[in-house]
Number of protein chains: 2
Amino acid sequence: MRRPAKRVTSADVARAAGVSAATVSYVLNDTPGQSIPEETRRRVLEAVKQLDYRPRGSARALAAGRSDVVLLSIPHLSIGPGINRFVEQFATSLAHAGLTLVTHLAGAPGRPLPDVCAAIDASVVASLDPLDDDTAQALRRAGADLVFTTEVEAHPTMRRMGRLQAEHLIALGHRRLGYAMPDHPLLRKIADDRLLGVADACAHAGIDPPLALDTKLDTTALARAARRWRRESVTAVCAYNDEVAIALLTGMRHAKLAAPDDLAVIGADDIPLAQVTDPPLSTIAFDLEKVGRSLAEAVVASLSGRKPRLTPASLSPRVIHRAST
Amino acid sequence: MRRPAKRVTSADVARAAGVSAATVSYVLNDTPGQSIPEETRRRVLEAVKQLDYRPRGSARALAAGRSDVVLLSIPHLSIGPGINRFVEQFATSLAHAGLTLVTHLAGAPGRPLPDVCAAIDASVVASLDPLDDDTAQALRRAGADLVFTTEVEAHPTMRRMGRLQAEHLIALGHRRLGYAMPDHPLLRKIADDRLLGVADACAHAGIDPPLALDTKLDTTALARAARRWRRESVTAVCAYNDEVAIALLTGMRHAKLAAPDDLAVIGADDIPLAQVTDPPLSTIAFDLEKVGRSLAEAVVASLSGRKPRLTPASLSPRVIHRAST
DNA sequence: GTAGGTTACTGATGCGCTTAAGTAACGAGC
DNA sequence: GCTCGTTACTTAAGCGCATCAGTAACCTAC
């Protein structure tokens, strides 16, 4: 592997601007306590633009002892397309603070998070849900701060979503609930959390625990599941997510069952398609943009030594009531 | 911002193993031309494990002049959940070659790709579709190799997808096609490409160009669009993607139109839900795992100085024929 | 008029690693 | 018995930047 061609360095900029490399660094970083006259600043910035100079992150990180890179670990499988809006807002908010976001698909067999973190020398690792202890410790040893959307004390987000689904159905008068589990083994952990939330709500309302059925994205199988729930006098189903819920709706049509009269269905995530199903799907939505913004604040806080203080209900999930319930 | 606590360095490992830092580096990198007896190697690796040492990417990159980080730029909005499978496979294949993958959501107002690239000092930037010239040049100046899924000469993937959709419908005997455009302005460019592909196929078959209609994810609006196509004697519609197609199916049901008899519908992306619509949706699928693997190969090739040689039809889109056409 | 402060810089150092160059110890070959 | 080659290392340089410790020039105050 050849060494890449010579790149523009701060020394080049310094030469072009007729100053020292230190001055270039001061100008570019607005280093507090340094007084740079307007004229010099202009010359330096001019040279930067002329040469299309971009400081190398690795050199900066090495010299400064910390980088401006934030690593976001996102769950193995998408939490729906909304994740994009979240990431975008997060990246934008971080950029305002001079930080750079890159993301890593967690759980993949590719490479453990601490390795990735060390490789890019991230100074903060953010995640939507808490990481396991070993990983967290390894990351901290690798020099990264950790930031999550959920406070440790609060109910984990996933569990809360399940609770909201169930509470909605119970409020509508349903007394026996079903739960539609996803088939993908990697979704199992999240699904179990959400199911626990449903069980919480049932227990709290003093009704039977939910009847959970494994499902797959297959119309016939879901038609069967729907009939099974009916037989067991289930009147409403919480689906793991909108995808499962939509598939269930199709399965029900095949079984000649209609939502919400024969079986009420609520999804989770509020994917765009949830508005255009037949009937439109009730679901749980997050304000992901807000989450992105507040997570960015937490990162900045953590970086300046303050305890990241998150809003109580960071993900703020809420019920979207449409025609399927 | 306090300097983070002292982290484990290669000097610490060297001390623990009773060797010099150079030896540690030789062991960890399997540096060719260095003979390390088994016993020494064992001692070093032992110390590494004991201390949970992870080399800092920034220091490595700085010293070696190149990092082992690959940056994947993914389009602004998800190309469906399949993107996950692709990223995963890509990351795994890269990991086998000792490379680390991180991704960046392109197009977001956050921070331009070259800045991100410089910040993490990526040595390769991969992208699903070609980047504009300015960006490409800036990246190259930032010292990154560029790798794409599409060869420059080949038809851009997006255009090809549109062509496949149309060819499928034409082969089924349709003589007047519609095209359902997405409403999101950021999708416009991709949509235009796909539409061009449809137009190509129509021209090639000697039939009228497609009647493109703007749509949004709204059942009523789509019912109206469906009726409009019918009035204009369109018998089959290519949808921008499966999402639009599924919404159209719902709109058609509201307009008392059935697929494929009243209007055939084909989507694109083969999202999981496409199997469970009513009727199941014909669509265009990619072999994303294969793409991930071959893109990783291209990256490795590019890094070892060879020209990245991609398989002719890297994304290899193909028609999935279900009941909606 | 000069001590003391401020402004506007520069020089030197070191971050943690890779790598070229060096070296001590040992065995083989003559 | 001495050289040469090999093995198994070590030493030192330097990657590109941030940052600390200067310092020269100029200004102010008394």
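In what follows, every chain begins at residue 1, and chains take the letters A, B, ... in the order their sequences are listed. Hydrogens, waters and symmetry mates play no part in the numbers below; they use all other heavy atoms, side chains included.
Atom pair A:L62:CG and C:dT18:P shows a separation of 12 Å (rounding to whole Å applied). Here the C1' atom of nucleotide C:dC15 and the CG atom of B:D121 are 15 Å apart, to the nearest Å. The distance from atom CG of B:D68 to atom P of C:dT18 is 10 Å, rounded to the nearest whole Å. If you measure from atom CZ of A:R56 to atom C1' of C:dC15, you get 15 Å, rounded to the nearest angstrom. Between the CD1 atom of B:I120 and the C1' atom of D:dC17 there is a distance of 18 Å, rounded to whole Å. Between B:E39 atom CD and D:dT7 atom C1' the separation is 15 Å, expressed in whole Å.
Shown here are the salt bridge (Lys or Arg N to Asp or Glu O under 4.0 Å) partners of B:R60, two or more places apart in sequence or in another chain: there are none. A:A122 is linked by a side chain to side chain contact (heavy atoms under 4.5 Å, CB included) to A:V69, A:L71, A:C117, A:I120, counting only residues two or more places apart in sequence or in another chain. Remark: A:S10 engages A:A21, A:V24, A:Y53 in a side chain to side chain contact (heavy atoms under 4.5 Å, CB included) (not counting sequence neighbours). Checked against side chain to side chain contact (heavy atoms under 4.5 Å, CB included), B:P112 has the following partners two or more places apart in sequence or in another chain: B:P114, B:D115. Residues forming a side chain to side chain contact (heavy atoms under 4.5 Å, CB included) with B:D132 (at least two apart in sequence, or on another chain): B:D134, B:T135. With sequence neighbours left out, the salt bridge (Lys or Arg N to Asp or Glu O under 4.0 Å) criterion links A:D192 to A:R188.
Looking only at atom types and distance, the side chain of A:S302 has a donor-acceptor partner in the side chain of A:D145 under 3.5 Å away.
Among the atoms of the strands shown, only primed sugar atoms or phosphate atoms (P, OP1, OP2) are found under 4.0 Å from some heavy atom of B:T9.
Legend: salt bridge (Lys or Arg N to Asp or Glu O under 4.0 Å) pairs involving residues 11-23 of chain B, not counting sequence neighbours, sorted by first then second residue: B:D12-B:R15. Pairs of residues two or more places apart, or lying in two chains, that qualify as salt bridge (Lys or Arg N to Asp or Glu O under 4.0 Å) and include a residue from residues 23-36 of chain A are A:D30-A:R41.
Rounded to 10 degrees, the angle between the two end axes of the helix from C:dG1-D:dC30 to C:dC30-D:dG1 is 50°, with five pairs used at each end.
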Scan the side chains in residues 90-109 of chain A for donor-acceptor partners under 3.5 Å anywhere in the protein, sequence neighbours excluded, and list what turns up.
from	atom 1	to	atom 2	distance (Å)
A:T92	OG1	A:E88	O	2.8
A:S93	OG	A:Q89	O	3.1
A:S93	OG	A:Q89	NE2	3.1
A:T100	OG1	B:R111	NH1	2.9
A:T103	OG1	B:T103	O	3.4
A:T103	OG1	B:T103	OG1	2.4

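Taking only side-chain nitrogens and oxygens, B:R60 comes nearer than 4.0 Å to OP1 or OP2 of C:dT18. Distances shorter than 4.0 Å separate some side-chain N or O of A:R66 from OP1 or OP2 on D:dT19.
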For nucleotides 6-11 of chain C, tabulate all protein N/O to nucleotide N/O atom pairs closer than 3.5 Å, reporting atom names and distance.
from	atom 1	to	atom 2	distance (Å)
C:dC9	OP2	A:T40	OG1	2.5
C:dC9	N4	A:Q34	OE1	3.3
C:dT10	OP1	A:S20	N	3.4
C:dT10	OP2	A:S20	N	2.8
C:dT10	OP2	A:S20	OG	2.7
C:dT10	OP2	A:T23	OG1	2.6

Under-3.5 Å N/O pairs linking protein and nucleotides 22-24 of chain C:
none

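Side-chain atoms of B:S127 never come within 3.5 Å of backbone atoms of B:F148 as a donor-acceptor pair (strictly under, hydrogens ignored).
Listed nucleotides D:dC17, D:dA18, C:dT19 differ in distance to A:A59; the shortest reach to its side chain belongs to D:dC17.
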